Undergrad: 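I have a structure here, written as structure tokens, and I will follow up with some questions on it.
Chain letters run A, B, ... following the sequence lines, proteins first and then strands; every chain starts at 1. Values in this document were obtained by computation on a predicted structure and should not be read as measured data.
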Protein chains: 2
Amino acid sequence: MDTRTALLDSAERAARQRGFDAFSYADLARDVGIRKASIHHHFPVKADLAFGLIERYAARFSEALTDIGNTYDTGAEKLRAYHQTYRNALADGSQLCLCVSMSAGRDSFAEPVLDQLNQFHEDSVAWLTQVIQQGIADGTISGVTAADADAQATLALMEGAQLMARAASSLSPFDKATQAFLDRLV
Amino acid sequence: MDTRTALLDSAERAARQRGFDAFSYADLARDVGIRKASIHHHFPVKADLAFGLIERYAARFSEALTDIGNTYDTGAEKLRAYHQTYRNALADGSQLCLCVSMSAGRDSFAEPVLDQLNQFHEDSVAWLTQVIQQGIADGTISGVTAADADAQATLALMEGAQLMARAASSLSPFDKATQAFLDRLV
DNA sequence: GTCTATAGACTGATAGAC
DNA sequence: GTCTATCAGTCTATAGAC
């Protein structure tokens, strides 16, 4: 495998488990099997690594949402798949999805990284708004008054539920927090 | 003011704005106006400071919930006051409440701190469950199927909404995300 | 593209005087 | 309880050989 990719993989794992500021180039070097200095060839400064991570993540997530849109028909089915994506990212409660991790530690990031992060949030809300509107139209989601507010609430719920699950090192707070959301779907 | 209190105040401000691992004893010393070494007299190691922070926060929050219980009558009024507490903590979107901040950076903490954190979450859910049940009984909250799941969802929503507001440095994601929650209250 | 070697800054923490 | 002085360890980052 490509060294750059191996570095991104290792960094993503570390960032999701321990936070972006909690791993060092030394950790990365140990994990990937090269020397610290070699990492700087691929990511001159750590901000480049942060940007590389969020960039790849946003691209992958965007693909995943497109896949969900193509695979499922009803609004409810798509929202269940979206929920499952966040649930899977938790694993056994030991890691967050990268965007929650980076949202939480946002102070160490420079403008370009924050822009990507906020763009990701906006894209998510836009996708959710569309899917919720479809769910209203096809009658597979109940209890919605404003689709865009509901979309923002859904994203906040997923991210918050991840945070609590991780604090407890258990999936159950996530499942309990998202139960009512799932119950609104046919 | 007590030096210990001044240190806790400064540390809380820093933890909420930049994260617990993002401030140092040097920062604290500068802010409070004493020398680094003196801080170790009050908090021998940084873990003691973490514990002191969450301990004081949990005690204060518990008091605040009791106050809300005593001040307001209906379930809806109490939930609106609870929501306002989280909104106020954000200020202009530049800081998190301490428990979101510490949940986010939980990897740097030892068992006693994590116990306090999880206890805080459990206490919050217990209080919310009770208030939501009251709201069902007095008819001031609608759309609840299971009070305990709704309580966990409410906590996750508040924490997630804070995270998004802070990422955007703006209150509006918080307001949008919690709009539907408020709309369910009479 | 990877290496050795090193710089310079900062970290939490300690010893011991006052 | 606060100070000066200092420690060993870590961090990101760079220079330059191969």
Undergrad: How many whole angstroms separate atom NE2 of A/His40 from atom P of D/dA13?
TA: 6 Å
Undergrad: How far apart are the C-alpha atoms of B/Asp9 and B/Arg4, what are their side-chain angles, what is the distance that settles it, and do they pass the salt bridge (charged side-chain N to carboxylate O under 4.0 Å, His left out) test?
TA: CA-CA 9 Å; B/Asp9 288 349; B/Arg4 189 191 142 91; over 6 Å; no
Undergrad: Looking at D/dG1, I'd like to know if its phosphate oxygens (OP1 or OP2) sit under 4.0 Å from a side-chain N or O belonging to B/Thr3.
TA: no
Undergrad: Looking at B/Ser38, I'd like to know whether one of its side-chain N or O atoms comes within less than 4.0 Å of OP1 or OP2 on D/dG1.
TA: no
Undergrad: How close or far is atom P of C/dT2 from atom OH of A/Tyr25, stated in whole angstroms?
TA: 14 Å
Undergrad: Measure from the ring center of B/Phe51 to the ring center of B/Phe43 and say whether it is less than 6.0 Å.
TA: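 No.
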Undergrad: When you measure from the side chain of A/Val45, which nucleotide among D/dA13, D/dT4, D/dA15 comes out closest?
TA: D/dA13
Undergrad: Within the structure, does a side-chain N or O atom of B/His41 lie under 4.0 Å from either OP1 or OP2 of D/dT2?
TA: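 No, outside the criterion.
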Undergrad: Indicate yes or no for a side-chain donor-acceptor contact from B/Ser124 to the backbone of B/Phe120 under 3.5 Å, with no hydrogens or angles considered.
TA: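 Yes; at least one donor-acceptor contact below 3.5 Å.
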Undergrad: Would you mind classifying the nucleic acid contact of A/Phe23 as base, sugar-phosphate or nothing, using non-hydrogen atoms under 4.0 angstrom?
TA: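 Sugar-phosphate only.
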Undergrad: Calculate the interatomic distance between B/Arg4 atom CZ and D/dG1 atom C1'; express it in whole Å.
TA: 14 Å
Undergrad: Looking only at side-chain atoms of A/Arg35, point me to the closest of D/dT4, C/dT4, C/dG1.
TA: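 Side chain of A/Arg35 sits closest to C/dT4.
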Undergrad: Parallel, tilted or perpendicular: which fits the ring planes of B/Tyr86 and B/Tyr82, with parallel below 30° and perpendicular above 60°?
TA: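 B/Tyr86 and B/Tyr82: tilted rings.
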Undergrad: Whole Å only: how far is the CG atom of A/Leu28 from the P atom of C/dT2?
TA: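 About 13 Å, once rounded to whole Å.
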Undergrad: Once you round it to whole Å, what is the distance between C1' of D/dG1 and CG of B/Asp2?
TA: 12 Å
Undergrad: If we only count heavy atoms from C-beta on, is the B/Ile132 to B/Thr154 side-chain gap below 4.5 Å?
TA: yes
Undergrad: Please state how far atom CZ in A/Phe43 lies from atom P in C/dT2, giving the value in whole angstrom units.
TA: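 These atoms are roughly 12 Å apart.
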Undergrad: Once you round it to whole Å, what is the distance between C1' of D/dT12 and NZ of A/Lys46?
TA: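 Interatomic distance, NZ of A/Lys46 to C1' of D/dT12: 9 Å.
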Undergrad: How long is the line joining NZ of B/Lys36 and C1' of C/dT11, in whole Å?
TA: 7 Å
Undergrad: When we call it a touch if two heavy atoms are under 4.0 Å apart, what does B/Ser24 touch: a base, just sugar-phosphate, or nothing?
TA: sugar-phosphate
